[in-house]
Amino acid sequence: MTHVNPVHRGEEPSPRHWRRRLYQVVFRADTPAGLAFDIAVLVAILASVAVVVLDSVPTWHQRFGSWFLLAETVFTTMFVIEYLVRLLSVRRPLAYATSFFGVVDLIALLPTLLALMFPGAHYLIDIRLLRLLRVFRVLKLTRYFREAQDLMDALTHARRKIMVFICTVAVLVVILGTVMYVVEGPTPGFESIPASMYWAVVTMTTTGYGDITPQTVLGKFITSVTILLGYGIIALPTGIVGAEMAVTLWSRLKPVGPTCPACSHAGAETDARFCSQCGHGLASGVGPPTA
């Protein structure tokens with residue numbers, strides 16, 4: 001019997017013969033049946049999203065609304081059956097249900113259920129596009145996962161700097177909103193400090209939507225300064241993440257020195273003669289340094 005190495009948590013095949021064969025079809029994209037199954041699922045996802053998008057057009061909804069509803073019901077039924085089959089084919093259904101792809105599969109089914117209580121919620125079916133992440137496994141593009149991991153590592157390392165940046169922007173928004181409330185007074189759009197804060201957010205992150213404009217000379221001057229300030233602020237997170245990405249890539253590409261034979265410490269400089277942890281010689285025949 002062929003040994004199967006599960007790719008993700010919770011996807012271990014069941015020891016039963018029929019479940020193992022079902023697992024080969026549902027989870028293994030490196031088999032002809034598994035590849036055909038995954039491609040069929042991806043096509044069904046795209047088709048279901050296309051139905052929802054077209055149904056949102058009023059003229060199309062009036063003409064083909066009943067057909068769209070029927071197609072949406074069929075697709076949802078197919079995805080429910082597929083989800084149950086995935087749970088049935090693995091050894092630990094709960095582990096798969098709580099894994100990344102398991103949660104995505106479940107979330108993709110929720111909009112249809114929510115539509116029973118909240119009209120219009122079925123348009124959230126577009127969230128099924130998250131399931132297209134499986135295309136990386138189908139097309140064997142797993143090398144992109146390492147690039148995504150590098151980006152996540154950079155964001156994780158820069159999280160404190162990003163939080164400081166967000167807090168600084170929040171303080172500036174409150175201050176600028178308060179100043180414009182005082183300067184513009186009861187001008188439409190500046191009737192309160194929260195409304196003025198909305199103006200500050202829009203002006204700092206863009207050049208404004210034109211829905212709120214100052215009327216006084218001082219207000220227009222403050223707006224000009226805010227726009228210029230926004231250009232400088234928005235570029236800051238890009239530099240932070242870019243610097244962390246550079247550090248991540250350098251740590252992967254930089255040459256690594258020998259491993260210490262005494263304490264097994266790795267990562268020494270390539271020209272290091274002694275271990276930085278225990279002092280043992282890294283070159284052959286070199287002992288620990290004498291006092």
Spatial distance of atom CD1 (Ile162) from atom OG1 (Thr156) [nearest 0.5 Å]
9.0 Å
Who pairs with Tyr83 by side chain to side chain donor-acceptor pair (under 3.5 Å), at least two apart in sequence or on another chain?
none
Scanning both residues in full, the closest heavy-atom pair of Ala44 with Met78 reads CB-CE, 4.3 Å
Which heavy atom of Ser48 sits nearest a heavy atom of Phe79, and at what distance?
OG-CE1, 3.8 Å
Of all residues at least two apart in sequence or in a different chain, which pass the ring pair (Phe, Tyr, Trp, His ring centres under 6.0 Å) check with Phe64?
Trp60
Does Ile212 form a side chain to side chain contact (heavy atoms under 4.5 Å, CB included) with Val202? I'd like the steps, not just the answer.
CA-CA 9 Å; Ile212 301 178; Val202 172; over 6 Å; no
Do you know which two heavy atoms are closest between Pro214 and Met180, and how far apart they sit?
CB-CE, 3.9 Å
Pairs in or reaching into residues 161-176: which pass salt bridge (charged side-chain N to carboxylate O under 4.0 Å, His left out), with residues at least two apart or in two chains?
Lys161-Glu244
Once rounded to the nearest 0.5 Å, what's the spacing between atom CG of Leu22 and atom CZ of Phe37?
8.0 Å
Got a sec, which hydrophobics cluster with Tyr231, joining ILVMFWY side chains under 4.5 Å apart, including via others?
Ile227
Cation-aromatic face contact Arg86/Phe27, 6.0 Å, 45 degrees
yes
In residues 164-179, what donor-acceptor pairs under 3.5 Å come from side-chain atoms, sequence neighbours left out?
{"from": "Thr168", "atom 1": "OG1", "to": "Val164", "atom 2": "O", "distance (Å)": "2.8"}
{"from": "Thr178", "atom 1": "OG1", "to": "Val174", "atom 2": "O", "distance (Å)": "2.8"}

Taken in chain and number order and not counting sequence neighbours, the residues that satisfy side chain to side chain donor-acceptor pair (under 3.5 Å) with Ser196 are none
Please check: side-chain N/O of Thr203 versus main-chain N/O of Ala200, any donor-acceptor pairing under 3.5 Å?
no
Do Leu69 and Val52 sit in one hydrophobic cluster, given that two such residues count as connected whenever their side-chain heavy atoms are within less than 4.5 Å of each other, even indirectly?
no
Do the side chains of Val225 and Phe221 get nearer than 4.5 Å, heavy atoms only?
yes
Interatomic spacing from CH2 in Trp67 to CG in Leu54 - rounded to 0.5 Å
15.5 Å
Rounded to the nearest 0.5 Å, how far does OG1 of Thr223 lie from CG of Leu229?
12.5 Å
My understanding is that only residues two or more places apart in sequence, or in another chain, count here; which of them pass side chain to side chain contact (heavy atoms under 4.5 Å, CB included) with Thr77?
Thr73, Ile81
Arg159 atom CZ, neighbour heavy-atom count above 12 within 6.0 Å
yes
Using every non-hydrogen atom in the two residues, find where Phe75 and Ala47 come nearest and quote the distance to one decimal.
CZ-CB, 3.5 Å
How long is the gap from OG1 on Thr213 to CH2 on Trp199, to the nearest 0.5 Å?
11.0 Å
Within this structure, what is the OG1-CZ distance for the pair Thr98 and Arg92, rounded to the nearest 0.5 Å?
8.5 Å
Which atom pairs, one a donor and one an acceptor, fall under 3.5 Å between side chains of residues 182-191 and the rest of the protein, sequence neighbours left out?
{"from": "Glu184", "atom 1": "OE1", "to": "Thr187", "atom 2": "OG1", "distance (Å)": "3.4"}
{"from": "Glu184", "atom 1": "OE1", "to": "Gln215", "atom 2": "N", "distance (Å)": "3.0"}
{"from": "Glu184", "atom 1": "OE2", "to": "Thr216", "atom 2": "N", "distance (Å)": "3.4"}
{"from": "Glu184", "atom 1": "OE2", "to": "Thr216", "atom 2": "OG1", "distance (Å)": "2.6"}
{"from": "Thr187", "atom 1": "OG1", "to": "Glu184", "atom 2": "O", "distance (Å)": "2.8"}
{"from": "Glu191", "atom 1": "OE1", "to": "Gly189", "atom 2": "N", "distance (Å)": "3.1"}
{"from": "Glu191", "atom 1": "OE2", "to": "Gly189", "atom 2": "N", "distance (Å)": "3.0"}

